[in-house]
**Q** 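My structure is below; once you've seen it, I'll send some questions.
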2 protein chains.
Amino acid sequence: MSSSMKRKQIIQQHLENDQTVQVNELAQELSVSEMTIRRDLSELERIGVLKRTHGGAIKEVSRSYEPPFSLRRSRHLEQKQLIAREAVRFVTEGDTVVIDSGTSSIELAKELLSFTHLTVITPSIHTAMLFTDHPTIEVLVSGGMLRTGEGSLVGDFTRHFFEQLYFDTFFLSAAAISSESGLTEYIQEDAAIKRMIASHAKKTIALITSDKFEKTAFARICPLQDIDVVISDREPAAQLSAALHSNHVEMSIPSQQGENL
Amino acid sequence: MSSSMKRKQIIQQHLENDQTVQVNELAQELSVSEMTIRRDLSELERIGVLKRTHGGAIKEVSRSYEPPFSLRRSRHLEQKQLIAREAVRFVTEGDTVVIDSGTSSIELAKELLSFTHLTVITPSIHTAMLFTDHPTIEVLVSGGMLRTGEGSLVGDFTRHFFEQLYFDTFFLSAAAISSESGLTEYIQEDAAIKRMIASHAKKTIALITSDKFEKTAFARICPLQDIDVVISDREPAAQLSAALHSNHVEMSIPSQQGENL
DNA sequence: TTAGTTCAAACATAATTTTTGTTAGTACTA
DNA sequence: TAGTACTAACAAAAATTATGTTTGAACTAA
């Protein structure tokens, strides 16, 4: 991770705690010049995380409880890459797969670049972008409204698009998974679309980093029984494990033979 | 333009002339190592421009007569920027505008970033990408199949998407304009979609670099009378000028007060 | 086969771009 | 109005990317 990203994460943590930060304090704590902090802050302001004030910044009330995309993308990156490498084992040449928006999904998309014949369907322009120059993978992008900062397409057009298609495999991203509430998402609308896509897929595979185990976000996507496989970076605790097992969900964990060299 | 781009353009010109190139000849002509030429060639192979052979490469038969996006993007860049700067004068805050795929359109999209309230509708993921982090501009992306190397969305989904919407202004890209055949495009399907969008827009503005004057591509988009404004980098010759005038098309040329400092 | 090329991989070096710091002059705040 | 924070412009440093070189393997044509 670049050092400017690290700084920005720390700044956001301070905002979480105190709602406010000061330029001079941050400069001292992070041992960089004030100018650098100002540049970080104006960058964070541009993506809607905070609001600049004279001498510092205050936290912006966010659209939802979801941390911004730019932050989520770098978080748990190694785990996401592990999960992605495990996920490709469920894909065979010629498949029609849906790659959800979400940060784990981008890592999966990168892995899929090495396939030759595939139909990839996605509501994420980041994923689409990755395949622009690939000559033989067919990519369908759902229409819709672009969610600021996320690069994901949402809304009626998106739903309507997916309603008309059927798929082999749906690689689902979710905000949380729990034995009680199943899979959940931050935004109602997103949850509804994911539920619909899952119902059109032969197989639904959830890509979930272990930090999301036994948590619950706002909106229900679907109960555990609606998904076929969960791929994560480590085995969940007993309760969730049991719930997955009793709902006939396969749990797939990558074997880590020195992946992190 | 980066030197590797210059080299790649020269390589493509050679391919146009001779259908084939040799690694050692190119290395000598361009005064770089053979390894560099090999890297250029494998890059060009990846985007489908050519096919590697032992010692060189042969031209790939292209999908159409259209040069590849990567090449078009850098061609006539200064003119496109001039045109884009002129085009924003036709946009006011709050408008609903369609930004076509195409290389001039990307320059226009960059200019639009400075607006605060706007609804932008586009079949180009490059354009969409530009707006991902903009907090107040609403972006609608048409669904569709991703055209390799172009980043544009095409097909039935695209058409269906645009059929349902109406717009203030459509900034149209085209392959050519002529007094005889009006506006034309390389691909039939693209032409049909552009025609449809134009019919849903209050005002259609064509962005056309002057190298496209009095040329004709394969597929008719629409006659001159269907467009309201043509923006270009210089005044067309008498015949096209007259045709535009008699079809009540306004011609808009940027005034070049030392733009190229 | 074999001699002469061409190739790809790995590393070293050069060039470019991005990030950060500094300075100087302007704007804000108490 | 003094003191601090700000922006813009430039300089320096760091990181990234592009290119060259070397090596040994793979290909081609006699």
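The chains referred to below are lettered A, B, ... by the order of the sequence lines, with proteins before strands, and numbering in each begins at 1. Only heavy atoms go into these numbers, but all of them, side chains included; no hydrogens, no water, no symmetry mates.
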**Q** The test is salt bridge (charged side-chain N to carboxylate O under 4.0 Å, His left out); show your working for A/Glu16 and A/Lys59 and say whether it passes.
**A** CA-CA 8 Å; A/Glu16 288 299 326; A/Lys59 192 181 160 199; 3.7 Å; yes
**Q** Within a 6.0 Å radius of atom CD on B/Gln28, are there more than 12 heavy atoms belonging to other residues, nucleotides or ligands?
**A** no
**Q** For the pair made of CZ in A/Arg38 and C1' in C/dT22, what is the distance, rounded to whole Å?
**A** 12 Å
**Q** Within this structure, what is the CE-to-P distance between A/Met35 and D/dA13, rounded to whole angstrom?
**A**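 Going from CE in A/Met35 over to P in D/dA13 covers 19 Å.
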**Q** Do the side-chain N or O atoms of A/Ser3 get closer than 4.0 angstrom to the phosphate oxygens (OP1, OP2) of C/dT20?
**A** yes
**Q** Find the distance B/Asp40:CG to D/dG20:P and express it as a whole number of Å.
**A**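 The answer, rounded to whole Å, is 10 Å.
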**Q** Side-chain N or O of A/Thr36 less than 4.0 angstrom from OP1 or OP2 on C/dT22?
**A**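 Result: no.
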**Q** Nearest whole Å is fine: how far is C/dT22 P from A/Arg39 CZ?
**A** 11 Å
**Q** side-chain hydrogen bond (donor to acceptor under 3.5 Å, both in side chains), that's the test. Do A/Thr103 and A/Lys80 meet it? Break it down for me.
**A** CA-CA 8 Å; A/Thr103 52; A/Lys80 286 168 184 169; 2.8 Å; yes
**Q** Calculate the interatomic distance between B/Ile37 atom CD1 and D/dT21 atom P; express it in whole Å.
**A** 14 Å
**Q** Using atom CD of B/Glu34 as one end and atom P of D/dT23 as the other, report the distance to the nearest whole Å.
**A** 17 Å
**Q** Could you check how far NZ of B/Lys6 sits from C1' of C/dT16, rounded to whole Å?
**A** 13 Å
**Q** Can you check whether B/Ser33 has a side-chain N or O nearer than 4.0 Å to OP1 or OP2 of D/dG20?
**A** yes
**Q** Quick one: is D/dT4 close enough that its OP1 or OP2 comes under 4.0 Å of any side-chain N or O from A/Asn24?
**A** no
**Q** One thing to verify: whether A/Arg38 and A/Glu34 come together as a salt bridge, which I'm taking to mean a side-chain N less than 4.0 angstrom from a carboxylate O.
**A** yes
**Q** Please figure out whether A/His54 or A/Ser4 has its closest DNA chain C nucleotide nearer the 5' end.
**A** A/Ser4
**Q** With a 3.5 Å distance limit and no angle check, can you tell me whether B/Ser173 reaches the backbone of B/Ser101 through a side-chain donor-acceptor pair?
**A** yes
**Q** Establish, with yes or no, whether the OP1 or OP2 oxygen of C/dT20 is under 4.0 angstrom from a side-chain nitrogen or oxygen of A/Arg7.
**A** yes
**Q** Can you check the B/Gln22 CD to C/dC7 P distance for me, whole Å?
**A**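 Result: 9 Å.
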